[in-house]
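Report on the structure given below.
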Amino acid sequence: MSLIESFNSYFDSILILWIGYLMSILFFYLYNYKYKFTYGGRKDATTVKIISVLNRIICVLPVAVTAAIRGMYTGADTYNYWHGYLRFENYSLVDAISYDFTGFFYNILKWLFVRLTNGNVQIFFFFFSFFTMYFVVLAIEAWKLKHGCMALFFFYCCFGPNLMNQMRQMLAVAILLYAYQFAYNKKYKKYFLFAVFAGLFHFSALLSAVFVCFFQKG
């Protein structure tokens, strides 16, 4: 691929990604601020919970889809993720587990996805982008931010590129972003469980659990 072709591929992917980001913000506004889960007066807890999940999925899908179909040269690390993923086709489960202990569950998922999808990296990208943004949306809703759409916009501006370049780190950060509400409300067991889960994708999340609990109790 020539330099011009690489630039065009990069630009097209960034443009598509931002279309996904803006669609996500629009859906977030419609479902969280315009309609507020009322839907014809149906306000029982079960209905609201189901509709809330569906709304989050609709909000996250544009970003997950566009991140999944991005070009190989979009961002700094997509190329490395692409080839690192395909490398796991030749690994056993033991090899995958021992490959990198800083991302234990991440490597197991990579090994599993390679086999379930016949090496389709787009599905792997979709999975990580989807669940990263789902936790981000959960966090914004959990904190009941008055300007949630602006918070989501700033997240995309500041961390949108990291969805491509630091996938496992961003998933761990998103989980902790949601989980911090439990530490804030002195529910340390719940927070620590989420932090351990985040640490399975990136070990540094466990350090966060220790420091957050220490400072909150202090």
Side-chain angles (χ1 to χ4, degrees), residues 17 21 24 56 60 63-64 67-68 70 74-88 91-114 121 123-143 145 151-218:
L17 282 167
Y21 294 161
S24 173
R56 293 186 199 110
V60 167
V63 177
R70 69 185 186 263
T74 303
D77 289 337
T78 298
Y79 180 86
N80 294 328
Y81 274 119
W82 201 299
H83 287 278
Y85 177 77
L86 295 178
R87 190 183 304 131
F88 271 59
Y91 286 6
S92 68
L93 179 58
V94 174
D95 292 333
I97 292 173
S98 60
Y99 180 77
D100 180 5
F101 290 109
T102 66
F104 176 79
F105 193 45
Y106 170 78
N107 292 321
I108 292 177
L109 282 177
K110 190 157 56 171
W111 179 85
L112 187 63
F113 268 79
V114 164
V121 72
I123 295 177
F124 184 67
F125 287 164
F126 175 89
F127 175 87
F128 269 84
S129 299
F130 180 90
F131 281 100
T132 298
M133 288 314 306
Y134 194 88
F135 274 106
V136 170
V137 170
L138 268 179
I140 293 174
E141 291 180 4
W143 288 100
L145 299 180
L152 190 57
F153 174 74
F154 280 132
F155 179 88
Y156 287 137
C157 287
C158 297
F159 301 107
N162 294 79
L163 292 172
M164 300 175 290
N165 296 333
Q166 297 173 316
M167 294 194 311
R168 65 190 183 109
Q169 291 95 325
M170 284 307 302
L171 179 55
V173 166
I175 294 170
L176 290 177
L177 185 65
Y178 169 72
Y180 181 66
Q181 60 173 308
F182 299 118
Y184 183 81
N185 292 307
K186 310 298 184 184
K187 299 177 180 179
Y188 297 111
K189 289 183 179 179
K190 279 190 175 182
Y191 175 77
F192 189 74
L193 286 174
F194 273 102
V196 169
F197 179 55
L200 294 176
F201 294 99
H202 202 280
F203 183 76
S204 60
L206 295 176
L207 300 178
S208 172
V210 174
F211 281 109
V212 166
C213 289
F214 176 78
F215 286 119
Q216 281 291 121
K217 288 182 179 180

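- Comment: Asp100 does not engage Lys110 in a salt bridge, judged by the lack of any side-chain N to carboxylate O separation of less than 4.0 angstrom.
- Judged by distance alone, the side chain of Tyr81 and the main-chain N or O of Met167 form a donor-acceptor pair under 3.5 Å.
- Contact between Gly160 and Tyr21 at its shortest, heavy atoms only, is O-OH, 3.2 Å.
- Phe135 has its ring centre no less than 6.0 Å from the ring centre of Phe131.
- Each of Tyr106, Phe113, Tyr85, Tyr134 was checked for a ring-ring contact (aromatic ring centres under 6.0 Å, His included) with Phe127, and the lone residue meeting it is Phe113.
- Side-chain atoms of Met133 and Leu163, non-hydrogen and from C-beta on, do get closer than 4.5 Å to each other.
- Looking at Leu176 and Tyr191, their side chains come closer than 4.5 Å, going by heavy atoms from C-beta outward.
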Trace of the ring-ring contact (aromatic ring centres under 6.0 Å, His included) decision for Phe192 with Tyr188: CA-CA 6 Å; Phe192 189 74; Tyr188 297 111; over 10 Å; no
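- The shortest heavy-atom contact between Ala64 and Ser129 is CA-CB, 3.9 Å.
- Residues Trp82 and Arg70 approach most closely at CZ3-O, 4.1 Å, considering heavy atoms.
- A donor-acceptor pair under 3.5 Å links the side-chain atoms of Ser98 to the main chain of Asp95, judged by distance alone.
- The heavy-atom pair separating Ala195 from Ala205 by the smallest distance is O-CB, 4.0 Å.
- The two atoms that bring Ser92 and Trp111 nearest to each other are C-NE1, 3.3 Å, heavy atoms only.
- In this structure, the separation between CG on Leu177 and OG1 on Thr132 is 11.5 Å, given to the nearest 0.5 Å.
- Counting only distance, with no hydrogens or angles, the side chain of Tyr99 and the backbone of Asn107 share no donor-acceptor pair below 3.5 Å.
- At a threshold of 4.5 Å between non-hydrogen side-chain atoms, the residues Trp143 and Tyr184 count as touching.
- Contact annotation: the side chain of Val196 approaches that of Leu206 to within less than 4.5 Å [non-hydrogen atoms, C-beta and beyond].
- Residues Arg168 and Thr102 are in side-chain contact: their nearest non-hydrogen atoms beyond the backbone lie under 4.5 Å apart.
- With contacts defined as side-chain heavy-atom distances shorter than 4.5 Å, the pair Glu141/Arg56 qualifies.
- For the pair Phe155 and Ile140, the minimum side-chain heavy-atom distance is 4.5 Å or more.
- With Leu171 as reference, Phe201 is the one residue of Phe105, Phe197, Phe201 to meet the side-chain contact (heavy atoms from CB on, under 4.5 Å) rule.
- Once rounded to the nearest 0.5 Å, the distance linking CD of Gln181 with CZ of Phe194 reads 8.0 Å.
- By the 4.5 Å heavy-atom criterion applied to side chains, Met164 and Leu17 are counted as neighbours.
- Within 6.0 Å of OH in Tyr91 there are more than 12 heavy atoms belonging to other residues, nucleotides or ligands.
- More than 12 heavy-atom neighbours from other residues, nucleotides or ligands sit within 6.0 angstrom of CZ on Phe130.
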